[in-house]
Amino acid sequence: MEIRIIVFVAFFTFCSFSFGQVNRYNLEQVKSHIELGSVTTIDTLQVKKRIEEGIKKYGKENVNQVLVEMLYDDLKKMADKQAPNPMDVLYDKMIQDLSDEAQGKENNAIEKYSKAFTDSLMQKLYYEYNLGKRESKYKAFALNLISAAFCKSCITKDPNHIITAYNNVLLFRNYDIYNQKAIREYHQRKPFLHEYYIKYCNSLDSLNYSSNQDAYTRFGWELNVENFGRYLFIDKNPVPMFSDIKKCIPNSSTLIEFCDTYISGKKYMCAYVIKNKSVALDIVVFNVSDSLKASIINTQDSKNINNLYESDQLYKTFIEPLLPYIQGENLYIAPSSYISFVNFSAIKNGSELLSSKYRIARLFSGADLVGRNDSDPIKDAALFGNIKYNMSPNELAQESSRYVVMRSSERGSLSSLPNSLTEIKQISNILKLSKDFKIKTKCYFAKDASEALFKSFDGKSPELIHLATHGYYLDANDRFKHTYFKDNEYNSSTMLFNGLLLSGATLAWNNKIPTPGVEDGILTSEEIARMDLSKTKLVVMSACCTALGDFNEVEGVFGLQRAFKQAGVQYQISTLWPVRDDVACSFMTSFYHNYVKTKNIHIAYNLTLKEIQSIYSNPYYWAAFILLGI
């Protein structure tokens with residue numbers, strides 16, 4: 001086993017790359033000593049017991065209210081203790097232990113904490129922090145463990161430390177996804193539990209807490225669905241590790257997984273490179289200029305995008321250093337952080353596209369390779385287009401009442417998309433009239449293309465969902481300008497601030513509150529992530545900016561891609577920047593023509609890129625579309 005590192009840094013400190021300042025607690029003041037693997041939090045076994053008791057005592061109809069009251073009782077008891085958050089204490093202890101190991105003390109802190117998180121602590125980390133804080137706290141734990149293992153491997157040349165670092169990347173990047181998958185499968189075996197999960201969501205959503213609630217009540221409000229149903233029944237780590245992934249990389253193939261790491265206080269982009277059945281795990285560290293990073297993130301400037309993809313900057317920075325370690329003609333690329341905003345298929349070396357030299361598949365993570373199946377041809381489809389965004393409150397209420405769905409409280413004149421009607425009709429004809437195979441297709445136009453209808457797909461979704469509509473992403477400067485989102489300012493979960501707009505969305509988008517209990521047409525990423533769309537093979541988002549969202553160094557982008565991945569969708573087509581209505585129509589009709597010919601999503605996507613590029617040579621038009629999945 002070997003390890004190769006392109007950039008070697010001999011000195012590292014953990015204090016300098018620990019993420020932010022954490023309050024120092026006197027451990028003697030903590031009432032119960034906190035040991036690894038036994039952090040005190042809400043007792044999940046006790047919760048299960050109370051569910052069973054509640055069903056017997058109150059009946060199935062009222063058990064959801066029992067659960068809500070039970071959760072807040074527990075939270076109040078925790079608040080009354082006035083003890084520091086146990087995971088904050090643990091974080092302080094971890095940083096100190098990692099610092100001690102960096103200074104030569106043989107305490108095996110890296111291995112100890114990595115194993116503890118793999119075995120049990122990850123679940124407790126999710127329980128202990130609300131939605132708003134979890135993203136930063138989760139990232140802090142992850143970055144310190146990953147960076148510590150990476151830097152230790154630089155000094156010791158021990159490849160096991162690099163494997164530990166990569167396993168931590170896999171664990172922190174995929175835990176949410178795989179836990180939701182396990183819960184989804186559990187609910188499929190026990191439908192009654194899923195019914196209570198939905199009722200629990202409805203109960204929490206109906207509470208409508210304001211931002212001035214006392215701390216523990218707000219804490220309970222922000223926990224919402226995560227503390228029931230998603231993690232409650234998981235008792236072991238379900239995420240594939242390095243030993244699983246290396247066996248699943250096909251012949252003549254290379255997996256490249258990007259992740260940020262900290263070295264001596266400075267953040268670097270690196271890539272873990274794994275080849276078919278390889279025992280070697282190679283690491284490449286990239287030297288990325290601030291100007292290039294800014295160009296990648298700036299997805300709204302067409303001139304910037306054209307300059308970026310017409311030049312060889314991306315190739316020289318991110319591909320050239322990888323060439324000595326690439327094996328074969330198949331590349332599986334799992335981006336993270338700001339690299340998520342790059343279309344690797346569009347990277348150029350001179351006049352040659354990277355996609356003309358390699359077959360490229362974009363993954364959420366290398367873990368996607370484990371247990372993958374070659375999909376059978378799609379059999380049924382739901383197509384949304386020519387959506388009626390302007391609807392009266394009465395029309396919204398009437399449309400919402402047609403479906404029984406879960407309700408979310410998190411949720412701002414939208415122009416019509418005239419080409420979307422042509423797009424949907426053309427796609428419908430392509431799918432229905434194919435000589436090779438026919439796909440049962442339903443089209444939803446105008447007011448029928450509603451949020452309520454989409455949510456009715458929960459647990460029984462079609463194999464293809466096509467959405468020709470507006471997408472939205474609000475950055476930190478814009479997200480609280482709408483009253484709709486300002487009401488959720490204390491809940492800083494970034495999955496609220498991107499999504500899709502369906503029928504009747506204008507009312508809420510213009511800060512007018514719709515009728516209570518009625519779906520408002522703003523379908524957030526957070527709502528999608530709660531759903532079970534595991535029967536869906538492909539989601540196509542023919543909309544602007546659907547691949548965008550806030551990003552962090554470990555987990556990647558928090559947006560629609562992550563939401564549909566959590567919901568169980570296998571493939572997704574989305575966009576990195578605003579797309580012109582007529583170009584989107586051309587791309588989509590070309591893609592479906594190619595799909596019915598080839599019956600292969602990847603081949604159809606690559607053929608379509610070439611076709612659209614021949615019509616619109618400007619990268620701003622054709623490089624916006626990316627395919628995620630395998």
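The chain is numbered in sequence order, starting from 1. The structure displayed is predicted, hence computed values, not measured ones.
- Inspection of the Ser542 and Glu423 side chains reveals an N or O donor paired with an N or O acceptor under 3.5 Å.
- Between the side chains of His602 and Tyr571, not a single donor N or O lies within less than 3.5 Å of an accepting N or O.
- A donor-acceptor distance shorter than 3.5 angstrom exists from the side chain of Gln572 to the backbone of Gln561, with no hydrogens or angles considered.
- Taking a 6.0 Å sphere around NZ of Lys442, one finds it holds 12 or fewer heavy atoms contributed by other residues, nucleotides or ligands.
- Judged purely by distance below 3.5 Å, without hydrogens or angles, the side chains of Thr536 and Ser461 pair a donor atom with an acceptor atom.
- Between the side chain of Asp301 and the backbone N or O of Asn304 there is at least one donor-acceptor pair closer than 3.5 Å.
- Between the side chain of Glu451 and the backbone N or O of Gly521 there is at least one donor-acceptor pair closer than 3.5 Å.
- Residue pairs meeting the ring pair (Phe, Tyr, Trp, His ring centres under 6.0 Å) criterion with at least one partner in residues 342-367, sequence neighbours excluded, are Phe258-Phe344.
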Give every donor-acceptor pair under 3.5 Å between a side-chain atom in residues 617-630 and any protein atom, sequence neighbours left out.
residue, atom, partner, partner atom, Å
Asn618, OD1, Asn306, ND2, 2.9
Asn618, OD1, Tyr620, N, 3.0
Tyr620, OH, Pro578, O, 3.4
Tyr621, OH, Arg580, NH1, 3.4
Trp622, NE1, Ser617, O, 3.3

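- The residues Glu352 and Lys357 are annotated as not salt-bridged, no charged nitrogen and carboxylate oxygen being separated by less than 4.0 angstrom.
- If you check the side chains of Ser311 and Gln313, you find a donor sitting under 3.5 Å from an acceptor.
- Glu257 and Ser365 share a donor-acceptor pair across their side chains, judged by distance under 3.5 Å alone.
- Side-chain contact of Arg173 with Ser336: a donor-acceptor pair under 3.5 Å is present, judged by distance alone.
- Using a cut-off of 4.0 Å between Lys/Arg side-chain N and Asp/Glu carboxylate O, Lys460 and Asp532 are scored as not salt-bridged.
- A centroid separation of less than 6.0 Å is found between the aromatic rings of Phe318 and Phe286.
- A side-chain donor-acceptor contact under 3.5 Å links Ser503 to the backbone of Ala449.
- When all heavy atoms are compared, the tightest approach of Leu431 to Ala381 is CD1-CB, 4.1 Å.
- No donor-acceptor contact under 3.5 angstrom links the side chains of Ser420 and Asn386, judged on distance only.
- With respect to Asp458 and Arg530, no salt bridge is recorded, no charged nitrogen being found less than 4.0 Å from a carboxylate O.
- The shortest non-hydrogen separation linking Ala547 to Ser574 is CB-OG, 3.5 Å.
- Note on Glu463 versus Lys535: no salt bridge recorded, every NZ/NE/NH1/NH2 to OD/OE distance being 4.0 Å or above.
- By the 4.5 Å heavy-atom criterion applied to side chains, Tyr444 and Leu383 are not counted as neighbours.
- Inspection of the Asp550 and Tyr473 side chains reveals an N or O donor paired with an N or O acceptor under 3.5 Å.
- Using a cutoff of 4.0 Å between basic side-chain nitrogens and carboxylate oxygens, Glu329 and Arg359 are scored as salt-bridged.
- For the pair Pro321 and Val284, the tightest heavy-atom approach, listed with the atom from each and the gap, is CB-CG1, 3.9 Å.
- In terms of modelled atom types and a separation under 3.5 Å, the side chain of Ser456 and the main chain of Leu453 share a donor-acceptor contact.
- In summary, the side chains of Ser337 and Glu553 do not present any donor paired with an acceptor at a separation below 3.5 Å, with no hydrogens or angles considered.
- Without hydrogens or angle criteria, Thr575 side chain to Thr546 main chain gives a donor-acceptor distance under 3.5 Å.
- Checked by atom type and distance alone, the side chain of Asn552 never pairs as donor or acceptor with a backbone atom of Val557 at under 3.5 Å.
- Panel note: side chain Thr317, backbone Leu314; no donor-acceptor pair is recorded below 3.5 Å.
- By the 30° and 60° cut-offs, the orientation of the rings of Tyr309 relative to Trp577 is tilted.
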- Message: Set out, in order, the CA-CA distance, both residues' side-chain angles and the distance that settles side chain to side chain contact (heavy atoms under 4.5 Å, CB included) for Arg362 and Tyr332, then state yes or no.
- Response: CA-CA 6 Å; Arg362 186 186 185 103; Tyr332 296 99; over 6 Å; no
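- A side-chain N or O of Ser147 and one of Thr261 form a donor-acceptor pair less than 3.5 Å apart.
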